[in-house]
Amino acid sequence: MLRQSGVVAGLLVFAALTSLPVLVVVLGAFSPESDVLSWPPNFIPTRFTLENFEGLTARVPVFLQSWNSLVFAGVVTASALVLNSLAAYALARIEFRGRIAIFTVLIAIMMVPFQALLVPIYQMVSALGWVNTLAGLVIPRAADVAGIFLLRQFFITLPRDLDSAARIDGAGELRVFWSIVLPNAKPALLTMALFHFVGNWNDLLWPLIMTSDSSVRPLTAGLALLTGSATGVAPYGVMMAGSLVAILPLVVLYLIVQRRFIEGVAMTGMKG
């Protein structure tokens, strides 16, 4: 009992420490700029105000760029669900020559950092005329090795008797994939979808490089430009307000799907 109480207390302390930066952002978003810039730091606002949000909307087209982020993250997530699941199914459930070699190459690609591929990918996208377009943002992210790996590891845990029974009844590969594998893989699909949506919503480097027009730019790239002003003083209160606007949709999304997300993480094993 004493040991269990110690574990609970440790987890509460850890949760408090990890939540502290978010709490500072929330309080700073509703604090006057003088409180945000005060020294020593004044984390408790002397008065609550919406001035930072007014400054944010004056500097950044928040609603437009939030919509851009939603479209960017949503389309990438949807395309990744389709393409990653098809590739993972082929690698996990279909016997063909060179399957292991292809999977080995994919795992090797995971070792290459995205920054190393950034210049050639940008050159290809630029040659296609897709800079400052949704296609330029989405298509290079439409599938990824990590998602294929996650789904493949889940697919190989499903009993193969399900496939065999469906094939005996005359089902083809697409029918097996759609009617047998996908319905049993909902936790893993939800986990991958959440990872992709959050990762692309929060992504800064790729949207910042691919967009120069504020009407196309996602919210994270727009907020990144709030690094200073004509006076050379960063509007920290406005930046905290922008950060709060950016994280609220993700918090709501996680609260909605948290149970299935945790189930998916627990069920996605490392078999094979």
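Within a 6.0 Å radius of CG in Leu17, more than 12 heavy atoms belonging to other residues, nucleotides or ligands are found. Residue-environment remark: CZ (Arg99) exceeds the threshold of 12 foreign heavy atoms within 6.0 Å. Within a 6.0 Å radius of CZ in Phe14, no more than 12 heavy atoms belonging to other residues, nucleotides or ligands are found. Enclosure of atom CZ in Phe114 by more than 12 non-hydrogen atoms of other residues, nucleotides or ligands within 6.0 angstrom is indicated. Around CZ of Arg160, the count of heavy atoms belonging to other residues, nucleotides or ligands within 6.0 Å exceeds 12.
The minimum heavy-atom distance linking Arg47 with Pro32 is given by the pair O-CD, 3.2 Å. Between Leu70 and Trp201, the shortest heavy-atom contact is N-CZ3, 3.6 Å. Scanning all heavy atoms of the two residues, the minimum distance from Leu223 to Ser243 falls at CD1-N, 4.2 Å. Nearest heavy atom pair, residue Pro159 against residue Asp163, reads O-OD1, 4.0 Å. When all heavy atoms of Pro207 and Leu204 are compared, the pair lying nearest together is CD-O, 3.4 Å. For the pair Val245 and Ser66, the tightest heavy-atom approach, listed with the atom from each and the gap, is CG1-OG, 4.4 Å.
Distance alone, capped at 3.5 Å, is enough to place a donor-acceptor pair between the Asn52 side chain and the Ser31 backbone. Side chain of Ser179 to main chain of Val176: no donor-acceptor pair is present (N/O by atom type, distance under 3.5 Å, no hydrogens or angles). Formation of a donor-acceptor pair under 3.5 Å by the Glu33 side chain with backbone atoms of Tyr236 is found in this model. Between the side chain of Ser19 and the backbone N or O of Ala16 there is no donor-acceptor pair closer than 3.5 Å. When atom types are taken as modelled, the side chain of Ser69 and the backbone of Leu219 share a donor-acceptor pair closer than 3.5 angstrom.
One side chain, Ser212 or Asn132, offers a donor N or O that lies under 3.5 Å from an acceptor on the other.
The line from CZ of Phe197 to CG of Asn202 is 9.5 Å long, rounded to the nearest 0.5 Å. Going from atom CG of Leu194 over to atom NE2 of His196 covers 11.5 Å, rounded to the nearest 0.5 Å. One distance of note links CG of Leu151 with OG1 of Thr191; it measures 9.0 Å at 0.5 Å rounding. In this structure, Thr77 OG1 and Leu189 CG are separated by 12.5 Å, a value rounded to the nearest 0.5 Å. Rounding to the nearest 0.5 Å places CD of Gln123 at 10.5 Å from CD1 of Ile121. To the nearest 0.5 angstrom, Met240 atom CE is 13.5 Å from Leu56 atom CG.
Contact of the Thr49 side chain with the Phe30 side chain is not registered, since no non-hydrogen atoms from C-beta on lie closer than 4.5 Å. You'll find the side chain of Val181 reaches within 4.5 Å of the side chain of Phe155, heavy atoms only. The closest side-chain heavy-atom distance from Ser214 to Gln65 is below 4.5 Å. Residues Leu91 and Leu106 are in side-chain contact: their nearest non-hydrogen atoms beyond the backbone lie under 4.5 Å apart. Met210 is not listed as a side-chain neighbour of Val216, based on a closest heavy-atom distance of 4.5 Å or more. Looking only at side-chain heavy atoms (C-beta outward), Tyr122 and Val131 come within less than 4.5 Å of each other. Looking at Trp206 and Leu118, their side chains come closer than 4.5 Å, going by heavy atoms from C-beta outward. Using a 4.5 Å heavy-atom cutoff, the side chains of Arg93 and Phe177 are not in contact.
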Tell me, with the steps shown, if Val26 and Leu244 meet side-chain contact (heavy atoms from CB on, under 4.5 Å).
CA-CA 6 Å; Val26 173; Leu244 182 59; 3.8 Å; yes
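The hydrophobic cluster containing Met192 also contains Leu158, counting ILVMFWY residues as joined when their side-chain heavy atoms lie under 4.5 angstrom apart, directly or transitively. Residues Tyr254 and Ile256 share a hydrophobic cluster, clusters being chains of Ile/Leu/Val/Met/Phe/Trp/Tyr side chains in contact below 4.5 Å. Both Val252 and Trp67 belong to a single network of hydrophobic side chains, linked directly or stepwise wherever heavy atoms of I, L, V, M, F, W or Y lie under 4.5 Å apart. Each of Leu83 and Ile94 belongs to its own hydrophobic cluster when Ile, Leu, Val, Met, Phe, Trp and Tyr are linked at side-chain heavy-atom distances under 4.5 angstrom. Both Met111 and Val105 are members of a single hydrophobic cluster when ILVMFWY side chains are connected at heavy-atom separations under 4.5 Å.
By the side-chain hydrogen bond (donor to acceptor under 3.5 Å, both in side chains) test, Asn84 pairs with Asp144, sequence neighbours left out.
Seen from the ring of Phe72, Arg141 does not count as a face-on cation partner, given the 6.0 Å and 45° thresholds.
Applying the under-4.5 Å side-chain rule to Ile, Leu, Val, Met, Phe, Trp and Tyr, the cluster around Val119 consists of that residue alone.
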